[in-house]
Amino acid sequence: MIIAPSVLNANFLNLEADIKATEKGGANWIHLDIMDGSFVPNISFGPGIAQQIRSCTKLPLDCHLMINNPELHIEAFARAGVQYITVHAEATNHLDRLLNQIKELGCKAGVAINPATPLSAITEVLGIADMVLIMSVNPGFGGQSLIPYCLEKIRNLRSAKPNLQIEIDGGVNLETFALAREAGVNIFVIGSAIFSAKNIEEETKKFIQF
Ligand code: DX5
Ligand code: ZN
């Protein structure tokens, strides 16, 4: 089980301290939500901030590109030192080539799908992707509620691919965590449930000990 706190809702005026607190609480990865204001209706941060985050933690960086034209930016994030680069099937015309390009850069390649996108959109690349990210909210903002039908999608994917790395992203908190795990998730992106908590370290521990 991998806990991957998303810094989207961290305090960017105190980002290093927030990252170190969740690391102390036992977080396994740090999830970077990259948004371009075009693929999703919000803008977050780019490779420069990813590189600064790289310098303040030893944890693997799990980079989720919610951007159009991801082909143009994967190299910059690889150079910034991230371990995983996940791209949206909806954001490219050439998903097979893009996933292979990510692997040629030395990173693990993830593919993500939005709530309304069926699993059939990624069936052909399940043998290439190192991980599948199932969005359980409509991407763009932290603090939203998990969309229940996304759990069925995870159940179907898990039963088809027992050994696949399946990541859930959006609306994961202490209530929905058990539902996600029961559906077959093994990587949990958790944003506001950790970084909006009074004690980030203690809140992280609650998920690790779940
Ligand atoms: C997409 C983002 C969020 C974030 C998690 O909008 O990817 O899902 O990571 O945020 P929470 O855990 O607050 O839903
Ligand atoms: Zn994400």
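Computed over heavy atoms, backbone and side chain alike; hydrogens, waters and symmetry mates excluded. Start at 1 and go down the list; that is how both ligands and their atoms are numbered.
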ask   = Under the side-chain contact (heavy atoms from CB on, under 4.5 Å) criterion, do Gln83 and Arg54 qualify, and how do the steps go?
value = CA-CA 10 Å; Gln83 277 63 47; Arg54 176 69 288 156; 2.9 Å; yes
ask   = Does some side-chain heavy atom of Ile34 sit less than 4.5 Å from a side-chain heavy atom of Cys63?
value =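 Yes, side chains in contact.
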At their closest point, which heavy atom of [X] faces which heavy atom of [Y], and how far apart are they?
X	Y	result
Pro139	Pro115	CD-CD, 4.4 Å
Ser44	Leu8	CB-CD1, 3.9 Å
Met131	Asp62	CE-OD1, 3.5 Å
Leu151	Ala180	CD2-CA, 3.9 Å
Glu203	Ile194	CG-CA, 4.2 Å
Ile122	Ala89	CG2-CB, 4.0 Å

inquiry  = Show, in sequence, the C-alpha distance, side-chain angles and deciding distance for Glu201 and Lys20, and conclude whether the salt bridge (charged side-chain N to carboxylate O under 4.0 Å, His left out) test is met.
reply    = CA-CA 8 Å; Glu201 182 184 338; Lys20 289 207 182 315; over 6 Å; no
key: Lys/Arg N to Asp/Glu carboxylate O, Glu71 vs Arg97, below 4.0 Å   = no
Against heavy atoms of [X], which atoms of ligand 1 measure under 4.0 Å?
X	result
Met66	1 (C), 7 (O)
Ser6	4 (C), 9 (O)
Met135	1 (C)
Gly170	8 (O), 14 (O)
Val189	9 (O)
Val137	8 (O)

Ignoring angles and geometry beyond distance, decide whether [X] reaches within less than 3.5 Å of ligand 1 through its nitrogen or oxygen atoms.
X	answer
Phe141	yes
Gly171	yes
Pro139	no
Asn138	no
Gly143	yes
Asp169	yes

Among all protein heavy atoms in this structure, tell me which lies nearest to [atom], with the distance rounded to 0.1 Å.
atom	answer
atom 6 (O) of ligand 1	Gly140 N, 2.8 Å
atom 13 (O) of ligand 1	Ser192 OG, 2.4 Å
atom 12 (O) of ligand 1	Gly191 N, 2.8 Å
atom 2 (C) of ligand 1	Asp33 OD2, 3.6 Å
atom 10 (O) of ligand 1	Gly142 CA, 3.5 Å

ask   = Hey, what's the angle at the Zn ion (ligand 2) spanning OD2 (Asp169) and OD1 (Asp33), nearest 10 degrees?
value =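 Nearest ten degrees: 150°.
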key: At the Zn ion (ligand 2): angle between His31 atom NE2 and His64 atom ND1, to 10 degrees   =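 With the Zn ion (ligand 2) as the vertex, NE2 (His31) and ND1 (His64) sit 110° apart.
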task = Identify which one of Lys198, Lys206, Lys205 satisfies the salt bridge (charged side-chain N to carboxylate O under 4.0 Å, His left out) criterion when paired with Glu202.
result =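 When salt bridge (charged side-chain N to carboxylate O under 4.0 Å, His left out) is applied between Glu202 and each of Lys198, Lys206, Lys205, only Lys205 qualifies.
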request  = May I ask you to decide if the ring planes of His64 and His88 are parallel, tilted or perpendicular, using 30° and 60° as cut-offs?
outcome  =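 Rings of His64 and His88: parallel, under 30°.
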request  = Return yes when Ala193 approaches ligand 1 closer than 4.0 angstrom through a heavy atom, no otherwise.
outcome  = no
